[in-house]
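Structure record follows, encoded as structure tokens.
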Amino acid sequence: MSQYAKIIVDVPTMQTDQPYTYSIPAVLTNQIEIGMRVIVPFGNGKRLVQGFVIDLFDKNEFDGRVKDIQSVVDLRPVVNTELLDLSEWIANETFSFRITALQMVLPSVMRATYKKRVRLIDEIDENLQDKLFQGQDSIDFDPEHMDAQIIKELLQLTKAEKAEMIYEVGNKAKVKMQLSIQPKLGFEVYENIRSGLRKNAKQQHLLVDYLQSLTENSLIPQKQVVEEVGVTPATITAGAKNGWLEKVETEVYRDPYKDTIIEPTDMQELTSDQEVAVLAVDEAIKSGTNKTFLLQGVTGSGKTEVYLQTIAKALELRKTALMLVPEIALTPQMVKRVKSRFGDLVAVLHSGLSDGERYDEWRRIERKEAQVVVGARSAVFAPLDNIGVIIVDEEHEASYKQDETPRYHARDVVLWRSKRHQCPVILGSATPSLESRARAQKGVYEWLQLPHRINGHPMPEVTLIDMREEMKKTGESNFSEPLRHEITKRLEKKEQTVLMLNRRGFSSFVMCRDCGFVLPCPNCDTSLTLHMDTHTMKCHYCGHEEGIPKTCPNCHSRKIRYYGTGTQKVEEELKTLYPEAKILRMDVDTTRKKGAHEKLLAKFGAKEADILLGTQMIAKGLDFPDVTLVGVLNADTALSLPDFRSSERTFQLLTQVSGRAGRAEKEGHVIIQTFNPDHYAIQYAKHHDYESFYKKEMSVRHMENYPPYYYTIQLTASYTDEAGAAKKMLEAVQFLKPVLSKNAIILGPTPKSIMRVNNRFYYQVVIKYKSEGQLKERLRELMTKSQAEVRKGLKLTIDSEPVNFI
DNA sequence: AGCACGCCGACT
DNA sequence: GTCGGCGTGCTC
């Protein structure tokens with residue numbers, strides 16, 4: 001029977017990033033447990049905030065006024081001790097607030113909502129009450145959407161104690177309820193009731209017949225009864241009145257896949273390589289060994305089957321399993337594959353779900369109804385108990401790193417949880433990140449390989465097209481001679497083609513042919529991008545939108561035209577080249593709507609189109625047997641970016657798209673158009689040679705002191721004026737230098753490559769280091785020290801092991 | 001974050 | 001003279 005609780009309050013600032021002590025009032029005795037959410041008064045006024053109970057104890061050591069907890073939000077803890085510890089670890093590792101880290105491990109609907117109301121507590125002039133309260137005795141107080149005069153008067157009333165401010169802490173999480181009916185009587189009783197009915201009471205006869213056919217106390221949704229039996233809700237209500245049945249509200253899950261028909265499938269027979277892998281992991285599951293496996297297998301080598309069978313092994317031991325997949329690879333095909341093996345035991349978590357669906361999947365996991373979780377990055381926080389195995393598919397994917405605070409890497413969280421659960425981890429990829437591959441080399445990870453494709457087919461032939469030469473021949477076209485030729489051949493043979501446009505650094509902008517003027521964003525240092533679908537110019541950084549200019553704003557020339565290569569423009573060119581071909585375009589614009597992505601792919605899979613044109617998103621996991629040609633229109637736009645990982649990214653991307661050709665019986669062909677045909681990333685991708693790429697890239701990283709030889713940390717400051725941001729980063733360097741050894745390398749401060757975004761100026765510093773015991777502590781001090789400036793509009797972010805350097 | 005307190009300019 | 005602007009300190 002604890003009397004006090006330590007609480008992390010929902011006020012995300014550096015100053016309040018610490019547990020606060022609250023007393024537990026007598027009415028709440030024994031109701032409060034660690035991991036529950038509570039509502040507490042916080043601050044001078046009557047402000048109420050939500051908080052998480054992180055500890056309970058008896059003796060108060062805080063000498064100051066201790067307030068009572070106002071109320072509890074949950075009946076049972078929502079954050080278990082594992083996730084509590086995990087959130088603390090993440091807050092530490094990522095320099096984020098504990099409250100932010102706590103909220104992150106829960107579905108977003110469970111975040112508190114705050115509202116203020118003003119309520120009259122004294123008589124006031126009737127006219128005034130009409131004006132301020134619209135006749136009511138209380139009104140929502142929302143200064144954002146209220147007249148300044150009204151706000152003022154309301155505040156005056158509160159000051160004069162004629163009105164009071166009421167703080168409301170809300171909860172968006174809603175459990176969906178469904179009205180069901182429950183037969184309450186036995187067979188004979190219904191028999192009697194029926195004989196007492198009038199002959200022409202058709203509806204009542206139907207209902208009684210139906211009730212009689214059910215077992216007593218079974219629950220049937222009313223909706224279903226209305227549909228299947230053909231009785232009206234009114235009849236059911238009447239039945240309830242007569243005591244024939246009872247109406248019951250029951251909880252239902254919003255199931256995102258309820259309309260998907262899933263046929264159960266059996267395990268596939270394993271190749272000997274797969275067998276070795278499954279056995280190794282199984283052994284670790286059985287012995288409860290916290291071991292990490294790097295499963296490196298070429299596309300089509302059957303990594304997924306290895307995942308599924310290890311999951312099955314975990315389930316056999318009554319353990320659970322977690323499988324992470326990159327968001328874009330989490331297609332219905334993928335989900336179906338897992339669900340068809342494990343049925344209702346599977347919960348799926350990804351960004352395509354509505355908040356309600358996500359919440360319900362989360363509750364199914366939490367209640368142990370789901371034992372297999374498949375999901376994107378944030379699914380790593382699934383409240384699974386007794387985890388037997390954790391899988392990270394496509395472990396090299398940059399999207400596993402969250403690019404907002406808390407900037408955690410799902411792979412790191414997985415390793416933390418595996419330690420906690422004493423279970424193995426499988427990191428799977430055809431093109432592992434250098435970090436992981438290097439760890440496998442050193443024996444930190446156990447290296448499992450699947451070097452052969454299951455169907456025994458050779459990897460597709462890859463042809464490089466030197467666009468420097470081609471440009472001389474074809475001019476401004478996006479399609480080289482050989483690529484056009486191959487597309488034509490596919491159209492004749494009725495085979496399918498996939499074309500990929502490497503979107504990075506690519507977009508259509510508008511330029512004046514007379515003076516070279518490019519339409520800039522007024523808020524950012526970028527040019528606006530043309531969007532055909534909305535007929536506007538948009539900024540991809542701040543969302544600014546304006547009309548398409550007809551004349552050049554600079555020289556008033558009418559010769560203002562599109563440039564560059566957006567998917568829309570390529571699509572237009574394709575249509576002119578192949579007027580008879582059916583083309584599907586897949587990019588951010590065509591897949592924005594929920595489910596659009598799936599529909600497009602289903603269409604292509606059903607051979608309703610000849611050519612699929614898209615951005616990176618088509619590179620992942622698509623499996624279409626009739627695709628025999630894959631074309632990459634611009635292989636190297638990413639290569640020139642000032643990011644040390646650009647070679648690695650290019651190699652991974654090209655290797656992945658290449659894997660899309662010739663998955664089934666037919667032989668595939670890949671054509672890569674490039675301006676750098678001799679670049680090693682492109683050469684090794686052509687030869688499907690990961691190992692050589694790995695060696696070459698490791699030597700580059702070694703020479704240039706980059707990961708995996710060095711750790712990196714990136715500091716970014718942004719401010720409303722450039723000097724302020726630059727000054728802050730200079731100060732930061734001065735502040736950090738004293739604790740850094742001479743082995744640490746400081747890059748910068750430099751302006752970010754797009755220095756101005758949304759009228760804020762960005763400067764950065766990157767520190768490369770091997771071992772700096774005091775660095776993290778010092779960085780935390782830097783954040784505390786900067787509080788005053790943060791209040792004045794400075795934004796300071798610290799990103800440990802950033803994945804994007806631009 | 002959001003609230004109270006406190007100190008200076010321009011208004012009923 | 002007071003109202004209200006925002007700079008500063010604190011929140012169990």
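Every value quoted in this text rests on a predicted model; they were computed, and no experiment measured them. A note on names: the letters A, B, ... follow the listed sequences, proteins ahead of strands, and every chain is numbered from 1. The basis for the numbers below is simple: all heavy atoms, side chains too, and nothing from hydrogens, waters or symmetry mates.
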Inset, instruction - Can you sort out which residues in residues 21-38 of chain A have a heavy atom within less than 4.0 Å of DNA chain C? Ascending by number, please. - result: A:T21, A:Y22
Inset, instruction - List the atom of A:L330, the atom of A:A376, and the distance in Å for their closest heavy-atom pair. - result: CD2-N, 3.9 Å
Inset, instruction - Say whether A:Y4 and A:D55, considering side chains only, have a donor N or O and an acceptor N or O under 3.5 Å apart. - result: no
Legend entry - Short side-chain donor-acceptor distance under 3.5 Å, A:Q3 and A:S23: no
Legend entry - Boundaries of the DNA chain C segment in contact with chain A, non-hydrogen, under 4.0 Å: C:dG4 to C:dC12
List the atom pairs, with distances to 0.1 Å, where a side-chain N or O of residues 155-163 of chain A and a protein N or O form a donor-acceptor pair under 3.5 Å, not counting sequence neighbours.
unit_1 : atom_1 : unit_2 : atom_2 : d
A:T158 : OG1    : A:L154 : O      : 3.3
A:T158 : OG1    : A:L155 : O      : 2.6

Legend entry - Selection residues 717-726 of chain A - residue pairs positive for side chain to side chain donor-acceptor pair (under 3.5 Å), sequence neighbours left out: A:S718-A:R760, A:E722-A:Y763
Legend entry - Qualifying side chain to side chain donor-acceptor pair (under 3.5 Å) pairs with a residue from residues 34-53 of chain A, counting only residues at least two apart or across chains: A:R37-A:D74
Inset, instruction - Determine the sole option in A:F95, A:F381, A:W89 for which the ring-ring contact (aromatic ring centres under 6.0 Å, His included) test with A:Y408 is passed. - result: A:F381
Inset, instruction - Consider only side-chain N and O atoms of A:S138 and A:R117, and report whether a donor and an acceptor are under 3.5 Å apart. - result: yes
Inset, instruction - May I ask you to decide if the ring planes of A:F42 and A:Y20 are parallel, tilted or perpendicular, using 30° and 60° as cut-offs? - result: perpendicular
Inset, instruction - Any chance you could list the contact pattern along nucleotides 3-12 of chain B? Use B for base contacts, S for sugar-phosphate-only contacts and - for none, protein heavy atoms under 4.0 Å, 5' to 3'. - result: SS--------
Legend entry - Sugar-phosphate only, base, or nothing, as touched by A:Q15 at under 4.0 Å among non-hydrogen atoms: base
Inset, instruction - Quickly work out the A:D17 CG to B:dA1 P distance and round it to whole Å. - result: 13 Å
Inset, instruction - Identify whether any heavy atom of A:V66 sits under 4.0 Å from a base atom; if not, whether one sits that close to sugar-phosphate; answer base, sugar-phosphate or nothing. - result: sugar-phosphate
Inset, instruction - Would you verify whether the NZ or CZ of A:K785 falls within 45 degrees of the ring axis of A:F735 while also being under 6.0 Å from that six-membered ring's centre? - result: yes
Legend entry - A:R111 CZ - B:dA1 P separation (whole Å): 15 Å
Legend entry - A:D17 side chain vs A:R98 backbone, donor-acceptor pair below 3.5 Å: yes
Inset, instruction - Tell me what A:K152 touches on the nucleic acid: a base, only sugar-phosphate, or nothing, going by heavy atoms under 4.0 Å. - result: sugar-phosphate
Inset, instruction - Would you mind classifying the nucleic acid contact of A:P19 as base, sugar-phosphate or nothing, using non-hydrogen atoms under 4.0 angstrom? - result: nothing
